[in-house]
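Structure first, commentary second.
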Amino acid sequence: MKNYKIYLIRNGLTQGTIEGRYIGHTDESLCSEGKKQVKELSTKGYFPEVEAVFSSPLKRCIETSKIIYPEKEPIIIQELAECDFGEFEGLTADDLSDNEDFKKWIKGEKNAAPPYGESNEQFSQRICAGFVKIVDGLLKTGIHDTAIVTHGGIIMTLLSIFGLPEAPLTDWRTPSGCGYQLNLNASLWSRLGKIEVADEIPFTIRDESDDNWFSDGQDYMWSDWEDNR
């Protein structure tokens, strides 16, 4: 049976990301540096071809998807929007360092939330529902290769819940414009709700012998762009 592959890709840089601000539902476009970054990653590396592209509804993800996959119209998944940061929106960690709600929220307490924003538990439930909907849809339709362009916090959370090898959320930090190849096994998914994290993308070298792309020198690719929030 042919393997199912899902490529999780983080959106490129925005001005808010560069400034270290919590930019959730604010619909920022990629900044000029972000557009250049994603184009260069696409030139230096290789994003595998896919049959379908799914995206967060926010501009920065849609724009990233169209740079990487210009011939694919992204399918918008509302559940994959960034967290609603409420009153924390647009602020930095330094701005919020004395805020008690922020301290509880950043520690990952389930019910902790920014005022008028989503709690950690609400955020997790929403994005997991969206991801499960995509995976189940792929298995039903037989689409084997797909990309999901979304936000850094969402990638970290999804992989901490569904990913194998199992690792804490912070181990899945993802540079802007980069991501992971996931190998989906239908039996493993149906039994355990888990998915294998197989590699980092973009890939950089092609293996002509089996027509698969694999990663080499990936440390260079990932260190080339800082993982700003």
Side-chain angles (χ1 to χ4, degrees), residues 7-48 50 53-97 102 105-106 114 117-118 123 126-127 130 147-159 169-170 172-180 200-204 217-229:
Y7 302 98
L8 277 181
I9 303 170
R10 182 183 177 187
N11 64 270
L13 289 169
T14 68
Q15 190 59 39
T17 307
I18 292 171
E19 294 172 358
R21 301 184 180 279
Y22 287 99
I23 303 298
H25 284 191
T26 299
D27 205 6
E28 282 194 340
S29 292
L30 298 179
C31 61
S32 58
E33 182 179 346
K35 292 176 182 176
K36 178 182 177 183
Q37 170 205 48
V38 176
K39 288 176 183 176
E40 288 189 359
L41 284 170
S42 298
T43 301
K44 292 179 181 178
Y46 175 78
F47 290 96
V50 296
V53 178
F54 297 91
S55 174
S56 155
L58 298 174
K59 289 176 184 176
R60 54 194 184 270
C61 290
I62 296 171
E63 290 169 356
T64 300
S65 75
K66 290 185 175 181
I67 292 172
I68 298 173
Y69 297 108
E71 296 180 359
K72 299 288 185 183
E73 186 65 27
I75 301 165
I76 303 303
I77 303 296
Q78 296 295 331
E79 293 93 333
L80 295 185
E82 183 57 286
C83 182
D84 181 352
F85 293 132
E87 290 187 355
F88 296 169
E89 187 77 20
L91 301 178
T92 67
D94 286 343
D95 294 332
L96 295 163
S97 60
F102 176 73
W105 176 70
I106 205 69
E118 283 182 292
F123 172 67
R126 168 171 65 81
I127 66 173
I148 300 174
V149 184
T150 186
H151 310 272
I154 290 177
I155 293 174
M156 291 167 65
T157 303
L158 290 177
L159 294 185
L169 184 144
T170 52
W172 299 114
R173 292 177 69 86
T174 309
S176 298
C178 296
Y180 295 95
E200 299 168 351
I201 55 173
F203 302 133
T204 57
Q218 196 67 48
D219 288 343
Y220 166 75
M221 293 296 295
W222 277 48
S223 62
D224 206 27
W225 306 106
E226 285 198 1
D227 185 19
N228 296 304
R229 288 188 65 88

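Small disclaimer: the values here were computed from a predicted structure and weren't measured.
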Grab the two heavy atoms, one from [X] and one from [Y], that are nearest each other, plus how far apart they are.
X: Pro57; Y: Ile62; value: O-CD1, 3.4 Å
X: Val53; Y: Ser65; value: CG1-CB, 4.0 Å
X: Phe47; Y: Gly177; value: CZ-O, 3.3 Å
X: Ser56; Y: His151; value: OG-NE2, 2.8 Å
X: Tyr69; Y: Pro48; value: OH-O, 2.7 Å

Using modelled atom types only, decide if a donor and an acceptor are shared between the side chain of [X] and the backbone of [Y] within a distance under 3.5 Å.
X: Thr157; Y: Ile154; answer: no
X: Glu89; Y: Thr26; answer: yes
X: Glu28; Y: Ile23; answer: no
X: Thr64; Y: Gly12; answer: yes

What distance do [X] atom [atom1] and [Y] atom [atom2] have between them, rounded to the nearest 0.5 Å?
X: Leu158; Y: Trp172; atom1: CG; atom2: CH2; result: 11.5 Å
X: Leu30; Y: Cys61; atom1: CG; atom2: SG; result: 8.5 Å
X: Thr174; Y: Leu8; atom1: OG1; atom2: CG; result: 8.0 Å
X: Thr150; Y: Arg60; atom1: OG1; atom2: CZ; result: 9.0 Å
X: Leu13; Y: Glu19; atom1: CG; atom2: CD; result: 11.5 Å
X: Thr17; Y: Arg10; atom1: OG1; atom2: CZ; result: 6.0 Å

Dump the intermediate steps for side-chain contact (heavy atoms from CB on, under 4.5 Å) on Asp95 and Arg21, then the final yes or no. CA-CA 9 Å; Asp95 294 332; Arg21 301 184 180 279; 4.2 Å; yes
So, do Glu63 and Ser29 sit near enough that their side-chain heavy atoms are less than 4.5 Å apart?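 The answer is yes; the side chains approach within 4.5 Å.
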Would a 4.5 Å heavy-atom cut-off, applied to side chains only, mark Ile18 and Cys31 as touching?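 Answer yes - side chains close enough.
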Is it true that Tyr22 and Trp105 have ring centroids separated by less than 6.0 Å?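 When the ring centroids of Tyr22 and Trp105 are compared, they turn out to be within the sub-6.0 Å range.
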For Ile68 and Tyr7, run side-chain contact (heavy atoms from CB on, under 4.5 Å): C-alpha distance rounded to whole Å, both residues' side-chain angles, the deciding distance at 0.1 Å, then the answer. CA-CA 12 Å; Ile68 298 173; Tyr7 302 98; over 6 Å; no
Is a donor from one side chain sitting under 3.5 angstrom from an acceptor on the other, for Asp94 and Ser97?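 No - no donor-acceptor pair under 3.5 Å links their side chains.
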Can you give the donor-acceptor pairs under 3.5 Å from side chains of residues 74-84 to other protein atoms, not counting sequence neighbours?
from, atom 1, to, atom 2, distance (Å)
Glu79, OE1, Lys133, NZ, 3.3
Glu79, OE2, Lys133, NZ, 2.9
Asp84, OD1, Gly86, N, 3.0

For Lys66 and Glu73: C-alpha separation, side-chain torsions, deciding distance, then whether side-chain contact (heavy atoms from CB on, under 4.5 Å) applies. CA-CA 8 Å; Lys66 290 185 175 181; Glu73 186 65 27; 4.0 Å; yes
